[in-house]
Amino acid sequence: MLTRIKDIATKLAPRLVEIRRHLHSHPELSGQEYQTAAFVAGVLSSSGLYVQEGVGKTGVIGEVQGTGTDHRLLAIRTDMDALPIQERTGLEYASRTDGVMHACGHDVHTTVGLGTAMVLSQIADELGGKVRFLFQAAEEIAQGAHWMVQDQAMKNVSAILGVHVFPSIPAGSIGIRYGALTAAADDLEITIIGESGHGARPHEATDAIWIASQVITALQQAISRTQNPLRPVVLSIGKIQGGRAPNVIADKVQLWGTVRSLHPETRAHLPNWIENIVANVCHAYGAKYQVDYRQGVPSVQNDYSLTQLLQSAAEEAWSSDRVQVLPEPSLGAEDFSVYLEHTPGSMFRLGVGFKDRIINYPLHHPEFEVDESAILTGVVTMAYAAYKYWL
Ligand code: NI
């Protein structure tokens, strides 16, 4: 079966490169993937899949019904949105839309999803059950997976597989990880309310800027002294706003930040832990405060047996030296984790780095590029893992 999958995928490879270049030239922002979704639906229906459009806003579902009678439904998820970045690669198939670029490889994910759908539709007579392809919108704003779930895309799903490109792994190789792959990402907004006054007479005022600086320092120091260093927490304040004039003491400062963590128990206590520090600093200096902690996406926790499935499929397909077991998770975020609240799953990293280049630009960089030979690696790995799921 592996040879058959490789033969079909190899024949499809030139067309898949064309598809990827088409998607790359026509990127669309999160929640606006209208052309992309129509294109995806067209390819899926011409490959004989059952297709449903408008799932999770601009998402698309495609299904391949295997001839086997196993009732376990396997989902394969890819994302379709691009980023508000001006492309600077100079490629002939570079983005034709000003200020929008597929800089996170979601064009490759969509292509791998389509290629896998084409391969599996050709071997449906050998599949033990049904495969559902989820082409979701709006991953970059961490909304698309929620929308898909709300529209019942996960109904009856027993397991889910996903893929994300990775420029620091060379094309031809993949990375897998047992357990945590990405972090939980939450949003933080803190407001410090003091009392305005003359810059020359601070004792008659309550300086919200100074207190805000104490809050930031206290939070950063408290992480190193009160959080388990083996259970990482990153808190970054990325935006701060307050004050009116150089000689006027500010009565209000707002801070906005992101909070990353890997362990669910750690994450659960973070809102209280932060509020407690903010409250005590503000109390000490006579300011009022407000803390808004909004949970974003959880950490991607890869399921053990589905990660084994990916590893064995890739090792059989490509030999074990092309399968890296990643030693570390990323503190980036990925809304694939939203599906994992409903069913076990695993996401692998698809190497897209050029072996002969010293610099492979990172994800979200205006010069980010992929070695397109990775598409074949991705399709064969995914299709063969899907086939093996029911064995
Ligand atoms: Ni991405």
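Order of listing sets the numbers, starting from 1, for every ligand and every atom in it. Computed from a predicted model, the values in this text were never measured in an experiment.
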With distance as the sole criterion, is a donor-acceptor pair present between the side chains of Tyr293 and Asp186 under 3.5 Å? yes
Please work out which of the three classes, parallel, tilted or perpendicular, describes the rings of Trp273 and His269, given edges at 30° and 60°. perpendicular
Check the side chains of Ser305 and Asp303 for a donor-acceptor pair under 3.5 angstrom, ignoring hydrogens and angles. yes
Checking Arg72 now: which residues fulfil salt bridge (Lys or Arg N to Asp or Glu O under 4.0 Å) with it, not counting sequence neighbours? Asp70
Determine whether Tyr384 and Tyr389 fall in the same hydrophobic cluster, where Ile, Leu, Val, Met, Phe, Trp and Tyr are linked whenever their side-chain heavy atoms lie under 4.5 Å apart. yes
Pair Arg201 + Glu204, salt bridge at N-O below 4.0 Å: yes
List-wise, which protein N, O or S atoms are found short of 2.8 Å from the Ni ion (ligand 1)? Cys104 SG, His106 NE2, His164 NE2
